[in-house]
Enquirer: 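The structure is given below, and queries will be raised subsequently.
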Amino acid sequence: MKTLITGAAGFIGSAYARVVLDSRPEEQLVVLDKLTYAGRRENLAEIDDRIEFVQGAIEDRDAVREAIAGCDCVVNFAAESHVDRSIDDQDAFARTHVIGTGVVLDAAREAGVQRFLQVSTDEVYGSIEEGTFTEDSPIRPSSPYSATKAGGDLLVSAHFHTYGLETVICRGSNNYGLRQYPEKLIPLTILNALAGDSIPVYGDGLQVRNWIHVEDFARAIDTVLLDGAPGEVYNAGGPVEVPNIEAVKRVLELTGRDESLIEYVRDRPGHDRRYSLSSDKVRGLGWEPRTRFTDGLVATVDWYRDNEPWWEPIRSGEYRAYYERQYGRALG
Ligand code: NAD
Ligand code: DAU
């Protein structure tokens, strides 16, 4: 089998490529990635000699056609993944999630691809104060990030209904683990705690996220790719729901810092209060999460502590300007 993975130089896509090669060492992988600020070749270093890497954007029709030639499957991870950045400027989000996804869908059809998996997010359902989202819950995205992800998902369904392309969609909850760009809550908190810097908590910190370890999500995606029914959506949520403030306090404990580092700052506009996903449908295909949040968090903190050469260039590069823009005034 030959699979095109888009966006695999990022956090989840690179974990997925490793999961595939561990379970099916003979599989051929082609990676198409634009290498935005979040895409890093070193995320694929361990498997570099086992993949074909192409630098290119999913909205570039020629680049996609070339990369997809001869592939049986496509797994589309490529995305602008950070909600706060979408609030500042939505253009790249719409370009990648809507136009780009459409281009990959067209190219998959032209190339006779057998399976197209769209990697999506629980954020397309919006916020839920009580209860749990299922795959039949209505789509009510709140942010430009989730609205454009929902647009991509709808195009995927349209290609199933209109052209008969065999598509599946896998919607994940909040991922954490190794190699996550430090703009996200967990790695931001770990790196700030290790440095003794303030930790920005939005609003009252009581928003709830449903944390899933990145390798568990990667295995769920693979399960859906191999065994999901065409045209269907599958949710993959983590084993726990944790208020943000509690997640931050656990990281402080693991890094030996006290709570005086916590700084409550202005809330994110349109902030979703709670996410909660039912994963019964993907569990029906034999998947279940393996990593408990407490264990996964320990391993994640250890990884960041031991891998300064991975994050140091990020903290001193583009991220620094972003961080100043996002938090500078609030954190003094
Ligand atoms: P990430 O930001 O770490 O990586 C995104 C990757 O996509 C990068 O390598 C980047 O270079 C690449 N990319 C961006 N725009 C591109 C374009 N136009 N063409 C080609 N490549 C492009 O993101 P992530 O956290 O690994 O998320 C991967 C996918 O999983 C996304 O589709 C995201 O919506 C989805 N998702 C993420 C989470 C999460 O908690 N991080 C949860 C559920 C779903
Ligand atoms: O739920 C899945 C989604 O999870 C993915 O689709 C997104 O790609 C991914 O970025 C993530 O979105 P969130 O917005 O939930 O993740 P983030 O790490 O940005 O924020 C997690 C929670 O922590 C959220 O309630 C906002 C809060 N937060 C975040 C940051 C960066 C803070 O309180 N302070 C912060 O500095």
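One-based numbering, in listed order, for ligands and for the atoms of each.
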Enquirer: Quick check: does Phe77 get an N/O under 3.5 Å from an N/O on ligand 1?
Expert: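 Checking ligand 1 against Phe77, an N or O pair does fall under 3.5 Å apart.
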
Enquirer: Verify, without hydrogens or angle tests, whether Gln55 (side chain) and Leu35 (backbone) share a donor-acceptor contact under 3.5 angstrom.
Expert: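 Side chain of Gln55 to backbone of Leu35, a donor-acceptor pair under 3.5 Å: no, none is there.
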
Enquirer: How does Leu185 reach ligand 2, if at all, at less than 4.0 Å between non-hydrogen atoms: by side chain, backbone, both, or neither?
Expert: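 Leu185 to ligand 2: contacts from backbone and side chain alike.
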
Enquirer: What is the nearest protein non-hydrogen atom to atom 32 (O) of ligand 1, stated with its residue, atom name and distance?
Expert: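 Among all protein heavy atoms, the one nearest atom 32 (O) of ligand 1 is Lys149 NZ, 2.7 Å.
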
Enquirer: Would you say ligand 1 has an N or O under 3.5 Å from any N or O of Ala57?
Expert: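 Among all N and O atoms of Ala57, none is under 3.5 Å from an N or O of ligand 1.
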
Enquirer: Assign the ring pair Phe77 / Tyr16 to parallel, tilted or perpendicular, where the plane angle (0 to 90°) is split at 30° and 60°.
Expert: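 Rings of Phe77 and Tyr16: tilted, 30 to 60°.
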
Enquirer: Compute the shortest N/O to N/O distance between Ala38 and ligand 1 and return yes if it is under 3.5 Å, no if not.
Expert: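 Looking only at distances, the answer is no, because the N/O contact criterion of under 3.5 Å is not met.
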
Enquirer: What do you reckon, does Lys149 put a non-hydrogen atom under 4.0 Å from ligand 2?
Expert: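 Lys149: no contact with ligand 2 (<4.0 Å).
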
Enquirer: Geometry only, no angles: is Tyr145 polar-contacting ligand 2 at N/O separations under 3.5 Å?
Expert: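 The answer is yes, given that Tyr145 and ligand 2 share an N or O pair closer than 3.5 Å.
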
Enquirer: Specify the protein heavy atom at minimum distance from atom 24 (C) of ligand 2: its residue, its atom name, and the distance to 0.1 Å.
Expert: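 Its nearest protein heavy-atom neighbour is His271 NE2, 3.4 Å.
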
Enquirer: Less than 3.5 Å between some nitrogen or oxygen of Lys34 and one of ligand 1, yes or no?
Expert: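 Between Lys34 and ligand 1, an N or O pair is found under 3.5 Å apart.
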
Enquirer: Is the closest heavy-atom distance from Glu183 to ligand 2 below 4.0 Å?
Expert: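 Yes.
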
Enquirer: Within 45° of the axis and under 6.0 Å from the centre of the six-membered ring of Trp311, does NZ or CZ of Arg179 qualify?
Expert: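 Negative - Arg179 is either too far from the ring of Trp311 or too far off its axis.
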
Enquirer: Does an N or O anywhere in Gly172 fall below 3.5 Å from an N or O of ligand 1?
Expert: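 No; the residue has no nitrogen or oxygen that sits under 3.5 Å from a nitrogen or oxygen of the ligand.
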
Enquirer: Can you pull out the closest protein heavy atom to atom 13 (P) of ligand 2? Residue, atom name and distance to 0.1 Å, please.
Expert: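 For this ligand atom, the closest protein heavy atom is Glu123 OE2, 3.4 Å.
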
Enquirer: Could you tell me which atoms of ligand 1, counted from 1 in the order shown, lie closer than 4.0 angstrom to a heavy atom of Asn174?
Expert: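 What qualifies from ligand 1 is 40 (O).
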
Enquirer: Between Ser173 and ligand 2, find which residue part has any heavy-atom pair under 4.0 Å and reply side chain, backbone, both or neither.
Expert: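 Ser173 to ligand 2: backbone contact only, side chain stays beyond 4.0 Å.
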
Enquirer: Counting non-hydrogen protein atoms only, what is the nearest one to atom 10 (C) of ligand 1? Give residue, atom name and distance.
Expert: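 Its nearest protein heavy-atom neighbour is Thr36 OG1, 3.3 Å.
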
Enquirer: Side chain, backbone, both or neither: which part of Leu35 comes within less than 4.0 Å of ligand 1 when only heavy atoms are counted?
Expert: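 For Leu35, only backbone atoms sit under 4.0 Å from ligand 1.
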
Enquirer: Identify the residue among Thr294, Thr300, Leu297 that makes a side chain to side chain contact (heavy atoms under 4.5 Å, CB included) with Leu254.
Expert: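 Of all the options given, the one that passes is Leu297.
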
Enquirer: Could you tell me whether a side-chain N or O of Thr162 sits under 3.5 Å from a main-chain N or O of His159, the two making a donor and an acceptor?
Expert: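 No, Thr162 side chain to His159 backbone: no donor-acceptor pair under 3.5 Å.
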
Enquirer: Of all the atoms in ligand 1, which lie at a distance below 4.0 Å from a heavy atom belonging to Ser120?
Expert: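 Every atom of ligand 1 under 4.0 Å from some heavy atom of Ser120: 43 (C), 44 (C).
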
Enquirer: Which protein heavy atom lies closest to atom 11 (O) of ligand 1, and at what distance to 0.1 Å?
Expert: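 Checked against all protein heavy atoms, atom 11 (O) of ligand 1 sits closest to Asp33 OD1, 2.6 Å.
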
Enquirer: Counting only heavy atoms closer than 4.0 Å, does ligand 2 sit against the backbone of Asn244, its side chain, both, or neither?
Expert: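 The part of Asn244 near ligand 2 is the side chain, not the backbone.
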
Enquirer: Which residue supplies the protein heavy atom nearest to atom 41 (N) of ligand 1, what is that atom called, and how far is it?
Expert: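 Atom 41 (N) of ligand 1 sits closest to the protein heavy atom Ile12 CD1, 3.7 Å.
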
